[in-house]
Protein chains: 2
Amino acid sequence: MSLTALEIRHMETLLALAECGSLSKAASRLFLTQSALSHQLKALEIHFGASLIEKNVRPLRFTAIGQRLLTLARTVLPQMAEAGRDVARLAQGHAGPLRIAVQCHNCFDWLMPAMDAYRTLWPEVELDIISGFLMNPLPLLDQGEAELAIIHDRQEPPPSIVFSPLFRYESVALMSPRHRLAAKPWLEAADFGAETLITYPVPDEMLDVMKHCLTPAKINPKRRTAELTVAILQLVASGRGIAALPSWTVGNYLERGYVVSRPIGQHGLRCELYAATTRAGAEAAYIREFIALTRIQSLTEFAGVSAL
Amino acid sequence: MSLTALEIRHMETLLALAECGSLSKAASRLFLTQSALSHQLKALEIHFGASLIEKNVRPLRFTAIGQRLLTLARTVLPQMAEAGRDVARLAQGHAGPLRIAVQCHNCFDWLMPAMDAYRTLWPEVELDIISGFLMNPLPLLDQGEAELAIIHDRQEPPPSIVFSPLFRYESVALMSPRHRLAAKPWLEAADFGAETLITYPVPDEMLDVMKHCLTPAKINPKRRTAELTVAILQLVASGRGIAALPSWTVGNYLERGYVVSRPIGQHGLRCELYAATTRAGAEAAYIREFIALTRIQSLTEFAGVSAL
DNA sequence: TTAATGACATGAGCCTAATTCATCACAGGT
DNA sequence: ACCTGTGATGAATTAGGCTCATGTCATTAA
């Protein structure tokens, strides 16, 4: 009933619960099963002799006791994280540079805010983006020219490399509200055939729609390219063609009604992002924390982004 | 390398280490083996890639990293304890009274400071001492007339009662520096035969020397009694007889040279104290914390007091 | 030097307990 | 009624923390 019995794991659970609003969501964020959290909560409730959350309401609500423990978690966990950083700084003679190889334009949208947040935690780390937009950035890691690479979709990592899951997002088709395809509840590959597809100026393999949907269906629509996301959206809004972008990059435009979004395929087109490091990099605290931070931050900031 | 891996258990270990100055002492305070702490530290050192303490020097010293984690523990653990109290208050409608049955006079010496400390943590608990000096205070617990009883020496608790170890102390013989027995390095039972023994006015069974040393040896010295510890010490200092008291009650008098202390028996006379509660009481947070607090406080405040 | 003592290290095995797995139950929405 | 999402539950599995029985090392005494 006293100090022990409430473990760090429990505080992390409470924090995730507060942000996700359901056991199952919180579980996947913590890389655990829903069952684990259910058991955890049950144990706590037995221990304290009172319930911590009301689960019959969505999103779930914290009881007074649950809130007290939640505020504890909110004060304690950051203190521990800070101590962990200090120790890492002391243990491994001051951290090196962190050069990030990115494959896709979209990445900047979530990478930038994450880098900003990270910089306050590890001011001495030299952050750098390597944006050659290479097809395969993994060799850069082995060659020591980058510490981190952002990888699309699950694949078998080479022995020298470690993958860490970041998150899953959905790519949606975007079109003018007056576009004829806007009438359909969802688009299939064939719908793209007669359209002009507006994309970033990169190879097809680096475009989610092409790689996962159109190329397999042997459909190759007309193209028009733009460097910037806003430019693509402008073209879409003025009816010059359709585009396919991650759902969370276009929140504002959707809300204002300039464009509408439709799932690609009946169940949507889901893409996965992984962070790749060398085995050594996966040990280094300052790199591990960058991965953890981008993951959490993206999961909380962006709607339509989910844990994997 | 980051947040997780440092558990509450580790912080408690660091705290105990800082106070005890050795693995083995800290271990017994935590109710663990020395081996457990050694494994714990090893795991942490592997995890952080650096050592936390220098063990080749006594008392052991913390490295910079160890100190950082120690200060973390010193901030985090009290926060968790406070949250635990708040939750207990919320969960079990405000705690009841805490009436403590004591057998011996000496107990006041450590009970009073502990009660003062406890009162600031649980102001709403009504503290009370029941000092009938009964031989067997356990029935009071069953009858609901006390919540806690202080018990001397290990014994088999009745089924309705739970014992919690408090600490072990040593009773020493006290005499004037000019007393003839002061020449001996330690006293045996026979030495007391010709002396006047100065004690509290209570039955023999409640006096450590009598119960564990003289009565078994069938030695019954002359007596003189005094209510207060200071009065006993005054009589001893002026050569009116010898006394036997817990070593830590007489610190000041020893330092000033008014009296000297000698072990009773070759290896000293060690006594054990336990806290007894009903099974229900052992569940209640406000009672458990009183026990934990008195134990820790006595262990840290008084020299010659050790964990059991 | 040889014992003897005290403190920490270490590997093996045990045992607790946290997690998963495979279900079940329930609610809300269509 | 049926599906979908969410939480609960008991059993089985697994991980990892602790103890036990040693080993090593340093210090002190004979």
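The sequence lines fix the lettering, A, B, ..., with proteins before strands; numbering per chain opens at 1. These numbers were taken from a predicted model, which means no experiment stands behind them.
Which of D/dG7, D/dC18, C/dA9 sits closest to the side chain of A/R58 comes down to D/dG7. Minimum atom distance to the side chain of A/H39 is reached by C/dT20, of the listed D/dT6, C/dA9, C/dT20. Proximity note for A/S24 (side chain, C-beta onward) versus D/dT19, C/dC8, D/dT6: the nearest is D/dT6.
Remark: A/Q40 is in phosphate contact with C/dT19, judged by side-chain N or O atoms under 4.0 Å from OP1 or OP2. Between A/K42 and D/dA8, a side-chain N or O to OP1/OP2 separation shorter than 4.0 Å is absent. Distances shorter than 4.0 Å separate none of the side-chain N or O atoms of B/S35 from OP1 or OP2 on D/dC18. For B/K55 and C/dA9, the shortest distance from a side-chain N or O to OP1 or OP2 is below 4.0 Å. Look at A/K25 and you won't find any side-chain N or O under 4.0 angstrom from OP1 or OP2 of D/dG5. The side chain of B/R9 places an N or O atom within less than 4.0 Å of a non-bridging phosphate oxygen (OP1 or OP2) of D/dG17.
At a threshold of 4.0 angstrom between heavy atoms, the contacts of A/S38 include nucleobase atoms, whether or not backbone atoms are also involved. Heavy atoms of A/L37 sit nowhere under 4.0 angstrom from any nucleic acid atom.
For B/T33 against D/dC20, no side-chain N or O and base N or O form a donor-acceptor pair under 3.5 Å. Evaluation of atom-type donor-acceptor distances gives a pair under 3.5 Å for the side chain of B/Q34 against the base of C/dA9.
In this structure, A/L32 places its CG atom 14 Å from P of D/dA15, rounding to the nearest Å. Between the CD1 atom of B/I8 and the P atom of D/dG16 there is a distance of 18 Å, given to the nearest Å. If you take CG of A/L41 and C1' of D/dT6, they are 13 Å apart, rounded to a whole angstrom. Put simply, CG on A/L6 is 12 Å from P on C/dA18, counting in whole angstrom units. The separation between A/E45 atom CD and D/dG7 atom P is 13 Å, rounded to whole Å. Summarising the geometry, the separation between CG on B/L44 and P on D/dG16 is reported as 14 Å, rounded to the nearest angstrom. If you take CD of B/E7 and P of C/dA18, they are 11 Å apart, rounded to a whole angstrom. A/L52 places its CG atom 15 Å from the C1' atom of D/dG7, with the value rounded to the nearest Å.
Heavy atoms of other residues, nucleotides or ligands lying less than 6.0 angstrom from CZ of B/R279 number more than 12.
Residues B/Q155 and B/D153 form no side-chain contact, since every pair of their non-hydrogen atoms from C-beta on lies 4.5 Å or further apart.
Minimum interatomic distance between B/W110 and B/S298 (heavy atoms only, all atoms of both residues): CB-OG, 3.7 Å.
Checked options A/R89, A/R85, A/R295; the residue passing with A/E289 is A/R85 (criterion: salt bridge (Lys or Arg N to Asp or Glu O under 4.0 Å)).
Between B/E19 and B/R29, at least one side-chain N (NZ, or NE/NH1/NH2) sits under 4.0 Å from a carboxylate O, which counts as a salt bridge.
Checked by atom type, the side-chain pair A/Q40/A/T13 shows a donor-acceptor distance below 3.5 Å.
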